[in-house]
Amino acid sequence: MAHSVEIDSKAAWDGGRSPFNLSYGKIFMWFFLVSDALTFGGLLISYGFIRHKYADIWPKAEHVFTHFPFVEAHIPLAYVGLMTFILIMSSVTMVLAVEAGHRMDRKGVITWMFWTIVGGAAFVGSQAWEWYHFIIGTDTGALRSVFNTDPAVYSYVKETVHGANMTVNEYGVPQFANYFFFITGFHGTHVFSGVVLNFIIFLNVIKGTYERRGHYEMVEKVGLYWHFVDLVWVFVFTFFYLL
């Protein structure tokens, strides 16, 4: 006598449980972070090669980033250090927000996400301030070779350069400015995006969206992203400013 087994085709194609007990949202967030880490890794490796090539004339960051708001004295890397501290502290507040979410403490999530957003916005504003001073440069400037595109000249001439852009740099080789704009700009875009995402999630928490769902997994997912941008900045700070 033949035995037949009834198979529920819907259940068979549902895929069952995740072997790592992760939701698809978290898995895709990890995929995104890994791919983004490779991009940042490529940028920093490229930076290392160029810096090594121009090692003798590469500007020292402590001689370039010496400004501090409301202080006339030149303080090497103090403001960048403060920015780094703010971003790391925002990561701490994000940890507390995720922890509060695990306890279904809506008030705690609101409080800690608010401070995370404040920290992220402060970092982005500080980076804009740093860019501004890097672009306008010093009052005295520096004598640099600048390519004159006037057909009557069409060659390099000596000019006093103030600040930096993609073609000339008061502080040294133009490649220093190019990498500064590209690496810190790319990272700053990530932080700005994170602030926007955090704000959207923050509004949903206030409206009670995740309370009704019975979990705060979205807070955990944006928390992964936020910790990632913090970790990347630690590498950028170390390789670009300290070494």
Any chance [atom1] of [X] has more than 12 other-residue heavy atoms, nucleotides or ligands included, within less than 6.0 Å?
X      : atom1 : answer
Phe32  : CZ    : yes
Trp233 : CH2   : yes
Phe192 : CZ    : no
Trp30  : CH2   : no
Trp115 : CH2   : no
Phe199 : CZ    : no

Handout entry: Electrostatic pair Glu220:Lys26 at N-O distance under 4.0 angstrom
Key =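 So Glu220 pairs with Lys26 through a salt bridge.
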
Just wondering, do [Y] and [X] contact through their side chains at under 4.5 Å, heavy atoms?
X      : Y      : result
Asp36  : His190 : yes
Pro174 : Thr167 : no
Ile75  : Thr66  : no
Met218 : Asn204 : no
Ile135 : Phe181 : yes

Can you see which heavy atom on [X] is nearest to which on [Y], and at what distance?
X      : Y      : answer
Val95  : His227 : CG2-CE1, 3.5 Å
Arg144 : Val161 : CB-CG2, 3.7 Å
His187 : Val229 : NE2-O, 2.8 Å
Met104 : Tyr210 : CE-O, 4.4 Å
Ser193 : Tyr225 : CB-OH, 3.8 Å
Tyr79  : Ser126 : OH-OG, 3.0 Å

Practice task
Specify whether Tyr47 and Tyr179 have parallel, tilted or perpendicular ring planes, treating 30° as the upper limit for parallel and 60° as the lower limit for perpendicular.
Solution key: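 Plane angle over 60°, so perpendicular.
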
Handout entry: Residue pairs involving residues 68-92 (criterion salt bridge (Lys or Arg N to Asp or Glu O under 4.0 Å); sequence neighbours excluded)
Key =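 Of all non-adjacent pairs touching residues 68-92, none passes salt bridge (Lys or Arg N to Asp or Glu O under 4.0 Å).
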
Exercise for the section: Verify whether one side chain among Ser90 and Thr116 offers a donor that lies under 3.5 Å from an acceptor in the other. Expected result: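 No.
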
Practice task
Verify whether the ring centers belonging to Tyr54 and Phe176 lie closer than 6.0 Å.
Solution key: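 No, too far apart.
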
Exercise for the section: Let me see the working for Phe240 and Phe235 under ring pair (Phe, Tyr, Trp, His ring centres under 6.0 Å), right down to the final yes or no. Expected result: CA-CA 8 Å; Phe240 198 92; Phe235 282 98; over 10 Å; no

Practice task
Decide side chain to side chain contact (heavy atoms under 4.5 Å, CB included) for Met89 and Thr93; before the verdict, give the C-alpha distance in whole Å, the side-chain angles of both, and the deciding distance to 0.1 Å.
Solution key: CA-CA 6 Å; Met89 289 309 296; Thr93 56; 5.8 Å; no

